[in-house]
Structure formats: C-alpha cells, structure tokens
There are 4 protein chains.
Amino acid sequence: MSPRNVEKDLQQREQRINRILDSALEIIAVKGIGSVSINHIAAAAGMSIGNMYHYFKSKDEIISEILRRGQTSYGEHVSGLAKQQGNALDKLLLLCESWLAMENNWAYTILIHTARLSDASSDEIRRAVTERFTNNLGPVATVMEQGQQEGLVVSGTPVELAYYFVSLIQGLTLQKLPGAEVPIRAQARSIVSLFAARPGL
Amino acid sequence: MSPRNVEKDLQQREQRINRILDSALEIIAVKGIGSVSINHIAAAAGMSIGNMYHYFKSKDEIISEILRRGQTSYGEHVSGLAKQQGNALDKLLLLCESWLAMENNWAYTILIHTARLSDASSDEIRRAVTERFTNNLGPVATVMEQGQQEGLVVSGTPVELAYYFVSLIQGLTLQKLPGAEVPIRAQARSIVSLFAARPGL
Amino acid sequence: MSPRNVEKDLQQREQRINRILDSALEIIAVKGIGSVSINHIAAAAGMSIGNMYHYFKSKDEIISEILRRGQTSYGEHVSGLAKQQGNALDKLLLLCESWLAMENNWAYTILIHTARLSDASSDEIRRAVTERFTNNLGPVATVMEQGQQEGLVVSGTPVELAYYFVSLIQGLTLQKLPGAEVPIRAQARSIVSLFAARPGL
Amino acid sequence: MSPRNVEKDLQQREQRINRILDSALEIIAVKGIGSVSINHIAAAAGMSIGNMYHYFKSKDEIISEILRRGQTSYGEHVSGLAKQQGNALDKLLLLCESWLAMENNWAYTILIHTARLSDASSDEIRRAVTERFTNNLGPVATVMEQGQQEGLVVSGTPVELAYYFVSLIQGLTLQKLPGAEVPIRAQARSIVSLFAARPGL
DNA sequence: CATGAATGAGGTTTCATTCAT
DNA sequence: GATGAATGAAACCTCATTCAT
C-alpha cells in the first residue's frame with residue numbers, strides 16, 4: 001500500500017537513532033555533562049532540534065537509552081567473559097584491562113551516577129539503572145566464586161567481592177576524567193592481585 | 001566605627017559565609033546537584049540573592065569553596081589518622097568506617113567529580129581539586145608503607161595502593177547515593193582485608 | 001481506471017474526510033480544545049500526518065469544516081422543527097430539550113466562540129460562522145412569531161426573542177462543560193416558560 | 001535594617017502586578033485568547049520576559065489571578081446591588097445594563113470558559129472558577145426571591161432563575177465578541193421583562 | 001494517493017548576574 | 001552592607017506545514 005520503502009525507512013530510523021546516541025555520548029565525552037543539551041546533540045547529529053523528537057520523546061529518554069545500551073553491552077561483555085575458558089584471575093584481569101583501556105568509559109560511569117543522582121531523572125530511570133548495575137554484578141560474582149573454588153581468590157561473599165571489584169574499577173575510571181587526570185597510573189595486574197588469595201595461604 | 005565593630009563585622013562575615021556554604025551543601029545533599037541555584041541557596045541561607053555576591057564572586061566560587069573546605073578537612077582527618085598510634089590495618093579500618101558512616105559523603109564525591117567534569121568550572125578549579133585529591137593520597141600512602149614494614153599490608157607501590165584504596169571507597173560511596181541504593185552492604189573489615197598481607201605469607 | 005474506481009475513490013475520500021472531522025471533534029470533546037493538533041487528529045483518525053493535507057488545506061480548514069457542518073445540521077434541525085405541526089411552545093420545548101440533551105454540544109459551542117475569537121481564524125471564517133449563527137436564528141424567530149399570534153409567547157421583536165432564547169441555551173451549555181459542572185440542573189420546561197405569555201394576560 | 005524603602009517597594013510591586021494583569025486582559029481583548037503568551041504580555045507590560053516570573057509563578061497563575069479578580073469584583077458588584085434599595089426588577093435591570101455596557105466583559109467570559117475547558121488549567125483552577133461562579137449566583141437568587149415576594153418576578157426556584165438570568169447574559173456577551181458581531185442589539189429592558197411576572201397574573 | 005521525516009519558529013520556564021535604591 | 005527587581009540567554013518541548021520517496 002505504502003509507496004515508501006518500509007524496510008529502508010526502518011534502517012534509516014535505526015541509523016538516525018544511533019547517530020543521536022553517538023553524538024550525545026560524544027558530547028558528554030568531549031564537552032562535559034553540562035553541555036548535553038538537545039541543542040548541542042541536534043547540532044552534533046546534524047539534524048534539527050524538532051526532529052529529535054521524532055526519535056525520542058524527551059531528552060531524558062535519550063540519556064536513558066544511552067545508559068541502557070551501555071549497561072546492556074557491558075553486561076553481555078562480562079557475561080561472555082565469565083563463560084570463557086581460563087582461571088578466575090585471568091578473567092578478572094581481562095575485565096579490568098578492557099575496562100581501563102576503553103575510552104569514554106568515564107563518560108558512561110559519570111552518566112550512570114548523574115542519572116541516578118539527578119532530580120530530573122524519573123524514579124523509573126534510577127531504578128532501571130541501579131537494577132542493571134546490580135544484575136551486572138552477577139557474572140563477576142560467578143567468577144569470584146569460581147576463583148575461590150580454584151583457591152585463587154580471597155574468601156568472602158562472592159557478590160560482595162564483585163561489588164568491591166566493580167566499585168574499585170568505577171572509582172578509578174572517575175579519576176581519569178579529562179581536564180585534570182590524577183597523575184597515577186592504575187595497573188590492572190596490581191588491582192586483580194588485591195583479590196588474589198596468596199599462594200601457600 | 002569603633003574597632004569593636006570591625007571585629008564584629010568580620011565575625012558576622014564569617015558566619016554568613018558558613019551559612020551560605022552549609023546551605024548549599026545541604027541543598028545538594030537533599031535536593032540533588034541539579035537544584036543548586038543561587039536562588040535556592042539564598043533562600044536556604046535566609047539572605048537576599050544580591051547579598052550573596054558580597055561574599056562570593058560567583059556561584060562557581062561557592063562550589064569551589066565547598067570543595068576546598070571539604071577536601072581540606074578530609075585531608076586533615078586522614079593526616080591526623082596517619083600520625084596516630086596503632087598498626088596500619090587499624091588505621092585503614094578507621095578511615096574506611098568513618099568515611100562509609102558519614103552521611104552526605106556522596107554529595108562531596110559527586111561534587112568533586114562534577115566540578116572536575118563541568119564545562120563551567122575553570123581549569124583552575126579543576127586543577128585545584130585534582131591537586132588536593134592527589135595530596136590527600138599522601139597520608140594514606142604513608143599508612144600503606146607503614147603497613148608494609150609491619151608486614152601487614154600487601155606489597156606494591158604505596159601511593160598506588162592508596163590510590164586503589166581511596167578509589168574503592170569513593171566508588172562505593174557513589175553506589176550509595178539516594179533514590180536507588182544498590183542492595184549490597186559494604187563491610188569496612190572486608191574491604192581493608194583486601195589490602196592485608198595474609199599471615200604466614 | 002474504470003468508472004467504478006472513480007466512484008469508489010470518491011466514496012473513500014468522503015469516508016476519510018468524515019473520519020478526520022469526527023476524530024477532531026472527538027478530541028476536542030474528550031481532551032479539550034488545547035489538544036487539537038494535526039498530530040493528534042491524524043493519530044485518532046488512523047492516518048498519516050501528510051495525508052491529512054490531501055483532504056484539507058490546513059488545520060484551520062478542518063476546524064472551519066467542523067463548524068460548517070455542525071451549524072448547518074443544527075440549522076436544518078431547527079428549520080425542520082419550525083415547519084412541524086404543533087404550537088410554538090411545544091416547538092421551543094422540543095428544541096430546548098434536544099439541545100440540552102445532546103452530548104458534546106458544549107464542544108460545538110466553545111468551538112464556535114473560539115473560532116470567532118481566535119487570531120488564527122481568518123476574517124472569512126469568522127464572518128461565515130457569525131452569518132450562519134444569525135441565519136439559524138430565522139426559524140426560531142418564526143416560531144416566536146407564530147407563538148405570538150397564538151397568544152402563547154411574550155410580545156417583542158421575534159428575532160430579538162430568538163436571540164435571547166438561543167443565547168440562553170448556549171450560555172447554559174457552556175456551564176455544563178466537563179471538569180467543573182455547575183451544580184444546578186437546567187429544566188427545559190422552566191426555560192421555555194420564561195418566553196410564555198401568561199394565560200389570562 | 002534594609003536600606004530599601006519597603007513600603008515603596010510594596011507599592012511598586014502592586015503596580016507591576018496590576019500592569020501585568022491589565023496587559024494580559026488587554027491582549028485577550030484586543031488580539032484574542034490565542035495570543036496570550038508570556039512573550040506578548042511581557043511586551044505589553046513593558047518588562048522583560050524573565051521578570052514576569054518575579055511576580056507570577058507561571059502563566060497559569062496570571063490567568064488564574066485575572067479570573068479571581070474579575071469574578072470577585074463582579075461578585076461584590078452583584079452583592080452590593082442586591083443590598084440596595086429598590087424593587088427586584090430595577091435591580092435586575094441595573095445588573096443587566098451594567099454588564100452589557102461594560103467593555104471587555106466578553107473577554108472575562110471567554111476567559112472563564114476557556115479556563116474551565118483548557119487541558120492546561122489545573123483541576124484546582126477549574127474548581128475555583130466554577131465555585132466562584134456558583135457563589136456569585138447567590139445574590140442574584142436573593143433578588144429573584146425578593147421579586148417573587150413583591151409579586152414582580154415569575155415563580156420558580158430562585159437559584160434556578162438566577163442561573164438562567166446569568167447564563168442568558170453570558171450567552172449574549174459571547175455573541176458580542178469582536179471581529180464578527182451578531183447584528184442584533186440586546187435590550188436590557190426586554191431581557192428583564194422575560195423574568196417579570198405579568199401584572200394581573 | 002500515502003508516508004512520516006524534517007524544519008524552524010515560537011511557547012514556557014530557569015538562572016547567573018547586575019544594579020539602583 | 002543589604003535588597004530584590006531586572007535582564008537576556010539558553011533550556012526543553014510542540015506544532016503546522018512541506019517534501020522526498
């Protein structure tokens with residue numbers, strides 16, 4: 001019926017949405033969180049302000065979607081890692097390295113905390129973000145448990161250890177935000193070794 | 001006119017400044033960082049908007065001063081702790097407990113990161129905040145070093161360990177921000193034990 | 001291509017137009033006049049925004065057409081009533097009852113006044129609406145005149161009486177608009193009796 | 001304490017508020033209700049847009065205040081009328097004449113109905129407007145009752161008669177809105193006589 | 001004929017800062 | 001010192017209309 005190419009339209013829509021989200025994240029990363037205005041996002045995405053609202057109901061929804069994608073993709077990453085071959089410490093090392101190496105992770109992290117803190121964010125967003133964060137602890141906890149059985153990881157409640165591990169990495173991530181970087185380099189190996197059971201213990 | 005008045009004026013000035021800073025921090029803690037407007041601060045401090053500018057050149061200066069005081073007082077706290085009697089692990093435990101117990105620490109922490117991230121913040125502010133953060137690592141590093149000499153703390157560059165320790169605590173602090181708290185309780189003892197050399201090692 | 005198709009096309013066009021007008025009126029009635037956007041009408045009518053402009057040149061034309069149909073149909077109703085058998089008071093009673101009973105009459109009435117008031121409305125629309133309103137007084141005036149000859153209706157210029165009668169009904173209609181209804185019930189019989197010559201006078 | 005002249009400030013504030021309200025009503029009267037934007041009101045009042053918000057929390061509050069003042073002043077007018085010397089019909093005549101003579105009454109009337117209809121208006125505004133409207137019927141009902149005791153007014157529930165009387169006047173008022181006036185002149189004397197008991201009845 | 005993406009102006013509101021009093 | 005009115009830029013969002021497909 002429709003003279004429009006529906007499939008192509010959907011593809012284009014997908015592309016636009018990605019462009020918006022990428023632009024928004026880019027702005028946060030480059031100019032800081034205070035600059036994430038619809039105005040700036042629209043300019044960066046090369047579209048009109050009004051048109052943004054064809055793709056997102058509100059600015060909040062954009063932020064919310066960035067968070068969802070970021071956390072989901074991170075969750076899959078961690079989940080995949082947990083299922084791979086290898087001992088627990090190697091997995092933790094990999095996780096730590098990949099996280100610290102990734103550019104713009106501080107942007108995600110700041111975004112997460114800002115979203116959870118902001119007045120503007122609806123309770124729903126806050127709950128969703130926190131819930132995903134908590135869920136993402138799962139695979140890390142699994143790795144911790146595996147490590148304990150292997151005798152490679154310190155004793156303690158696995159999920160609590162995971163909580164510390166992730167918080168530590170996030171804390172370090174925040175120290176790396178641009179403009180004023182703390183002049184100390186984090187070493188993945190050293191971090192993981194904090195969670196390692198000492199041989200002969 | 002009399003010298004008494006000058007002194008009294010100075011006292012009053014001091015009081016006003018404190019009132020402003022306290023009100024601002026209170027607002028951040030209660031209503032969130034998005035709500036910190038000169039308007040709200042003035043109302044909370046019980047003064048007129050215009051009068052605020054007799055005490056601070058700009059809103060930025062208020063934020064900046066809150067940070068300076070917070071970080072300085074924290075620095076003194078840590079510094080005092082390092083000089084006290086006792087073994088390193090006890091000191092770390094004390095530090096960890098006092099930090100996790102303190103209400104509104106997340107407000108300071110968020111404030112620090114926001115200030116460092118914000119466009120609005122001048123480079124100077126960012127540098128100052130980061131510099132104080134780095135300086136405050138000093139006493140913790142000293143404690144780490146002491147612990148290593150006592151055989152109680154894991155090996156590694158002391159300042160790096162201090163960096164991890166503080167980042168971990170800050171990371172945990174951010175998870176506790178109100179509205180959506182992660183349903184896992186952090187245990188100071190468990191955290192400190194990550195940095196403990198195992199007996200018999 | 002075949003003549004059948006042309007006819008069918010015309011039918012469909014008619015249907016679409018009706019669907020649009022009905023949806024628009026429905027929205028006004030349910031959600032209020034502030035919500036009548038092309039967007040909403042299109043959604044309610046189950047068509048695309050762009051397609052609306054194949055049937056109407058502008059939003060104004062939609063509103064204008066709703067008014068035209070509403071006023072025309074009301075005019076026919078009144079005109080038919082005037083020509084029926086029966087005495088004048090019975091006719092007025094019937095008119096009054098049917099108007100007060102009809103749901104959504106307030107929507108038409110508000111629409112009429114809004115259209116006449118709005119900047120947006122062209123002078124032409126305003127004139128057309130007012131002219132139809134004035135014309136619709138004719139049959140009512142005829143009934144008044146008939147009533148005076150029957151000795152049943154108070155004396156006075158018939159068209160002026162008609163003007164009062166219709167204004168009274170419209171005034172009452174507006175009091176019934178949803179959200180805050182005046183807690184007094186209008187009685188058609190009482191209203192008509194205001195225009196009745198008292199027996200024995 | 002304050003070097004400002006408090007009394008003068010209050011006076012000036014009062015003046016500004018009046019200026020805003022007058023300008024808003026003027027705009028409604030001259031340009032139509034669609035043009036009542038903060039923009040236009042500010043321009044008409046000769047102040048900046050932002051400054052409007054020192055005097056009113058929102059546009060809604062401005063509208064709401066106009067309504068409150070208009071209805072209150074009308075209520076006092078009617079109430080005063082009811083208490084004056086003279087027979088009921090004279091009072092009704094006076095009321096009718098003064099209302100029909102007053103310029104911009106249609107603006108109030110339209111405003112009342114728009115406020116009650118608008119989505120934007122909070123339920124509270126709607127309730128307040130309707131309640132004041134209902135209350136304002138009281139004095140008119142008193143006059144009706146007085147008239148019935150004098151044998152000058154038709155029989156019927158006084159408040160119902162008042163309801164018809166006011167609705168009729170409001171209905172007529174709406175017909176007079178500018179741009180397209182119905183070419184029939186309302187005569188106060190004729191209107192009142194609809195409510196008059198005929199002598200000898 | 002049908003679609004809905006795109007535009008840009010305009011709406012309401014907030015806010016840091018200045019300034020006359 | 002003290003006040004709060006005043007400003008103007010910028011934020012978010014809506015909407016009638018156009019146009020390529």
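Letters A, B, ... mirror the listed sequences (proteins, then strands); counts begin at 1.
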- For DNA chain F, determine which residues of residues 49-59 of chain D have any heavy atom closer than 4.0 angstrom to one of its atoms, and list them numerically. D/G50, D/N51, D/H54, D/Y55
- Does the side-chain hydrogen bond (donor to acceptor under 3.5 Å, both in side chains) test come out yes or no for B/N18 and B/R13, once each step is laid out? CA-CA 9 Å; B/N18 284 334; B/R13 185 178 177 83; over 6 Å; no
Separation of [X] atom [atom1] from [N] atom [atom2], in whole Å?
X: D/L10; N: E/dT21; atom1: CG; atom2: C1'; value: 15 Å
X: C/I62; N: F/dC15; atom1: CD1; atom2: C1'; value: 13 Å
X: C/Q12; N: E/dA2; atom1: CD; atom2: C1'; value: 11 Å
X: C/I41; N: F/dT17; atom1: CD1; atom2: P; value: 11 Å
X: C/I38; N: F/dT18; atom1: CD1; atom2: P; value: 11 Å
X: D/H40; N: E/dG10; atom1: NE2; atom2: C1'; value: 9 Å
X: D/D9; N: F/dA6; atom1: CG; atom2: C1'; value: 13 Å

If you check the [X] side chain, which of [options] turns out closest?
X: A/M47; options: E/dG11, F/dA16, E/dT7; value: E/dT7
X: A/S48; options: E/dT7, F/dC13, E/dT12; value: E/dT7
X: D/N39; options: F/dT17, E/dG11, F/dC12; value: E/dG11
X: A/R13; options: E/dA5, F/dC12, F/dA5; value: E/dA5

- Message: Counting runs of three or more consecutive pairs, Watson-Crick or G-U wobble, with each distance below 3.5 Å, where are the stems of DNA chain F?
- Response: E:2-21 with F:2-21
- Query: Residues from residues 19-27 of chain C sitting under 4.0 Å of DNA chain E, heavy atoms only?
  - Reply: none
- Determine yes or no for a side-chain-to-main-chain donor-acceptor pair under 3.5 angstrom, with B/K57 supplying the side chain and B/I62 the backbone. no
